[in-house]
Amino acid sequence: MADKKTISNRRAGYDYDLGQKVVAGIALKGFEVAAVRRQRVSLKGAFVDVKDGQVWLRNLEVFNPGNQANATATAHRLLLTKPQIRKLKASLEAKNNTIVPTRLILDKHIKVELAPAKGRRRHDKREAIKKRESDRRIRRTLQSSKGGT
């Protein structure tokens, strides 16, 4: 079995409150497959759009392997079942929601993990940072107390 590598969109977890994740296939061209396998791709700023019963990944930057300076940001069709598309469309139509790619999974086939997301405001981001820091402190104290006994 092939080793699974991933390319994460770490910014998505910071900028959005993420919902239930869905994994979808992605239609890529030949040079794009090569670039993604070499991890020459950026998920920053990418989003999902549903039009005419098809799901499209927009603003996925793929760096051309032949020319490192060029990055193409085109639309890529996502491969989902009709019930999955209906579910994503319903979450998109909810107030202030979007669908963001959280990571690319590089296995035998290249797949995209999507999550419905609701944007966070600046003060929400600060609260999330405070909560994460306090959780880390608690985890560290618990680990140090377990190791000391």
Task: Trace of the side-chain contact (heavy atoms from CB on, under 4.5 Å) decision for Ile138 with Leu142 - done: CA-CA 6 Å; Ile138 291 169; Leu142 287 175; 4.1 Å; yes
Open item on the list: Working note: Lys44 + Glu61, criterion side-chain contact (heavy atoms from CB on, under 4.5 Å); need CA distance, chi angles, decisive distance, verdict.
Closed with: CA-CA 8 Å; Lys44 184 179 179 183; Glu61 284 190 351; over 6 Å; no
Give a yes or no on whether the backbone of [Y] and the side-chain of [X] come within a donor-acceptor separation of less than 3.5 Å.
{"X": "Asn9", "Y": "Arg103", "answer": "no"}
{"X": "Glu93", "Y": "Ala90", "answer": "no"}
{"X": "Gln54", "Y": "Lys51", "answer": "no"}

TODO: List the steps and the verdict of salt bridge (charged side-chain N to carboxylate O under 4.0 Å, His left out) for Glu32 and Lys29.
DONE: CA-CA 5 Å; Glu32 293 172 334; Lys29 296 175 186 159; 5.0 Å; no
- [ ] Go through the steps for Val36 and Leu28 under the test side-chain contact (heavy atoms from CB on, under 4.5 Å), then give the verdict.
- [x] CA-CA 9 Å; Val36 170; Leu28 296 170; 4.1 Å; yes
Task: Stacked cation flag Arg40 on Phe63, 6.0 angstrom / 45 deg - done: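 Yes, Arg40 lies over the aromatic ring of Phe63.
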- [ ] Determine the sole option in Thr102, Leu18, Val23, Leu78 for which the side chain to side chain contact (heavy atoms under 4.5 Å, CB included) test with Leu114 is passed.
- [x]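 The option that passes is Leu78.
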- [ ] Let me see the working for Asp17 and Lys118 under salt bridge (charged side-chain N to carboxylate O under 4.0 Å, His left out), right down to the final yes or no.
- [x] CA-CA 5 Å; Asp17 288 322; Lys118 184 174 173 99; over 6 Å; no
TODO: Please report the closest heavy-atom contact between Ile85 and Gly53, naming both atoms and the distance.
DONE: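 Minimum heavy-atom separation between Ile85 and Gly53: CD1-O, 3.5 Å.
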Task: Asp135/Lys131 ion pair, N-O < 4.0 Å - done: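 Lys131 and Asp135: salt-bridged.
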Task: Joint cluster assignment, Val112 & Val62, ILVMFWY side-chain distance < 4.5 Å - done: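 Shared cluster, yes.
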